[in-house]
Amino acid sequence: MIKIAWHELYAHPLPEGHRFPMLKYELIPGQLLHEGTIAQHNLFHPDCVSEDVVRLTHQKKYWEQLRDLTLSPRDQRRIGFPLTAQLLERELRIVQGTIDGTHYAMEQGIAFNVAGGTHHAGSNWGEGFCLLNDQAVAANYLLNNNLANRILIIDLDVHQGNGTAEIFQDEPKVFTFSMHGDKNFPFRKELSDLDVALADGMEDEAYLSLLNANLATAFERSEPDFVFYLSGVDVLSTDKLGKLALSKAACKERDRIVLQACKDKGLPLQVSMGGGYSADIKEIVDAHCNTYRLAFDLFA
């Protein structure tokens, strides 16, 4: 049974007019349940990750400032969310949802987190709507518990996974692969093991061709026994922040390429959803739901 991490706290209240589409965290599971792609038993509600596990990835001072709600106003602005106890609980549940997903993926082949993909959080900073790096924490959890030996993180959000790259810059057991807009946020990039910088306005055929070639390279170089996938839908032509020109069909094909490759190789895969900022939230939700629809076709 494919398992999906979700909690009601994922849809965190934000100030009126905030540009982050929190509503999608209610609408994605709602749509999947409505159409019958999933049932209630596919959803699980994660607890909060422990401090010890967070500290495998994030530095002591930064973690304590989050935990104690003492992060400076400047650092909160860098994140983009006002820091509250409820926001912190949300983040801790998201991270645990991704960790739990690794175990479910080992059983079923694939598992999801409706939120997550918080790849801009580095070892000692948060930014870009990311406080803690869920897939990085989960990767270090797997390594620390001898549950994986070599890990591949595939990041196809339109923004570079700079925090993930920084966290694993000196860790040969984790291979970081990011395909992202060259001239998009973050404007100071970190060095992934494989970075593919994309020109503004790139369309379907060129994108998918680059993905096929570089994904093969990433698998060859990393030789993983576990894979994380960040499947942001901010690559869409409708996205307000993406600067690419992909159709929804191409976004779905992107996901099919990744999911099929992992299935063919027998590699467990945990998927976190990442970003999406189209003006019409239905576009965001439908593109995210396509990832689940594919997974249930391939793995269920």
#### Entry: From CA spacing to verdict: side-chain contact (heavy atoms from CB on, under 4.5 Å), L131, L83
CA-CA 9 Å; L131 283 77; L83 182 59; 3.9 Å; yes
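- Just one residue in the list K189, Q160, H159 forms a side-chain hydrogen bond (donor to acceptor under 3.5 Å, both in side chains) with N184, and that residue is H159.
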### Query
Can you list the steps and then say if L27 with I281 is a side-chain contact (heavy atoms from CB on, under 4.5 Å)?
CA-CA 9 Å; L27 296 178; I281 197 166; 4.0 Å; yes
### Task
List the steps, then state whether ring-ring contact (aromatic ring centres under 6.0 Å, His included) holds for F20 with H12.
CA-CA 10 Å; F20 191 85; H12 180 74; over 10 Å; no
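- Stacking of K3 on the aromatic ring of F44 is not recorded, the 6.0 Å distance cut-off and the 45° axial limit not both being met.
- With contacts defined as side-chain heavy-atom distances shorter than 4.5 Å, the pair L294/F299 does not qualify.
- When hydrophobic clusters are built by joining Ile, Leu, Val, Met, Phe, Trp and Tyr residues whose side-chain heavy atoms come closer than 4.5 Å, directly or via intermediates, L147 is grouped together with F168.
- Between the side chains of N113 and Y10, at least one donor N or O sits under 3.5 Å from an acceptor N or O.
- The side chain to side chain donor-acceptor pair (under 3.5 Å) pairs that include a residue from residues 21-38 are K24-H288, Q31-E35, E35-T37, E35-R293, where partners are two or more places apart or lie in different chains.
- For the atom pair NZ (K252) and CG (L259), the distance works out to 11.5 Å, reported to the nearest 0.5 Å.
- For H119 against C130, the heavy-atom pair with the smallest separation is N-SG, 3.8 Å.
- Side chains of T217 and N214: a donor-acceptor N/O pair is absent below 3.5 angstrom, by distance only.
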### From CA spacing to verdict: side-chain contact (heavy atoms from CB on, under 4.5 Å), L156, V235
CA-CA 8 Å; L156 300 185; V235 295; 5.9 Å; no
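- A search for salt bridge (Lys or Arg N to Asp or Glu O under 4.0 Å) contacts involving E203 returns nothing, not counting sequence neighbours.
- Judged as a salt bridge (charged side-chain N to carboxylate O under 4.0 Å, His left out), the pairs with a partner in residues 62-74 (not counting sequence neighbours) are, in order, E51-R67, K60-E64.
- With no hydrogens or angles considered, a side-chain donor-acceptor pair links D204 and S247 at under 3.5 Å.
- When the side chains of ILVMFWY residues are joined at heavy-atom separations under 4.5 Å, either directly or via intervening members, L92 and W125 end up in two distinct hydrophobic clusters.
- With a 4.5 Å cut-off on side-chain heavy atoms, Q108 and H103 do not count as touching.
- The two residues V54 and L132 have their closest heavy-atom pair at CG1-CD2, 4.0 Å.
- By the rule that hydrophobic residues join a cluster once side-chain heavy atoms approach within less than 4.5 Å of another member, V233 and L23 end up as members of one cluster.
- With a 4.5 Å cut-off on side-chain heavy atoms, L215 and V258 count as touching.
- Under the 4.5 Å side-chain heavy-atom criterion for grouping Ile, Leu, Val, Met, Phe, Trp and Tyr, L230 is not connected to L210 through any hydrophobic cluster.
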### Message
Apply ring-ring contact (aromatic ring centres under 6.0 Å, His included) to residues F177 and F175 and explain how you reach the verdict.
### Response
CA-CA 7 Å; F177 165 40; F175 189 96; 7.6 Å; no
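- Among the candidates D286, N290, T238, the single residue satisfying the side-chain hydrogen bond (donor to acceptor under 3.5 Å, both in side chains) test with K248 is D286.
- Side-chain atoms of I151 and P224, non-hydrogen and from C-beta on, never get closer than 4.5 Å to each other.
- Here L241 contributes atom CG and L236 contributes atom CG; the two are 12.0 Å apart, rounded to the nearest 0.5 Å.
- Atoms CG and OG1, from D255 and T291 in turn, are 3.5 Å apart once rounded to the nearest 0.5 Å.
- A side-chain donor from one of T98 and D134 sits under 3.5 Å from a side-chain acceptor of the other.
- D75 and Y62 share no side-chain donor-acceptor pair at under 3.5 Å.
- The line from CG of D155 to NE2 of H180 is 9.0 Å long, rounded to the nearest 0.5 Å.
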#### Entry: Evaluation steps, side-chain contact (heavy atoms from CB on, under 4.5 Å), between F226 and L142
CA-CA 9 Å; F226 196 94; L142 292 178; 3.8 Å; yes
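- Taking both residues in full, the closest heavy atoms of K240 and Y277 are given as CE-O, 3.0 Å, listed atom of the first, atom of the second, then distance.
- Using a 4.5 Å cut-off on side-chain heavy atoms (C-beta onward), S192 and L194 make no contact.
- Rounding to the nearest 0.5 angstrom, the gap separating the CG atom in L71 from the CG atom in L88 is 10.5 Å.
- For the residue pair N162 / E127, a side-chain donor-acceptor distance below 3.5 Å is found, with atom types taken as modelled.
- The residue from N133, V95, N140 that alone fulfils the side chain to side chain contact (heavy atoms under 4.5 Å, CB included) condition with H58 is N133.
- In the model, Q135 has a side-chain atom that pairs as donor or acceptor with a side-chain atom of Q270 under 3.5 Å.
- Under the 4.5 Å side-chain criterion, counting only non-hydrogen atoms from C-beta, E91 is in contact with T118.
- Here the side chains of I28 and W6 are not in contact, with every heavy-atom distance at 4.5 Å or above.
- L246 and I257 fall within a single hydrophobic cluster, where Ile, Leu, Val, Met, Phe, Trp and Tyr side chains are chained together by heavy-atom contacts under 4.5 Å.
- Residues Y104 and M1 have side chains not in contact (no heavy-atom distance under 4.5 Å, counting atoms from C-beta outward).
- Tested against F112 for a ring pair (Phe, Tyr, Trp, His ring centres under 6.0 Å), the candidates F296, F228, Y292 yield a single pass: Y292.
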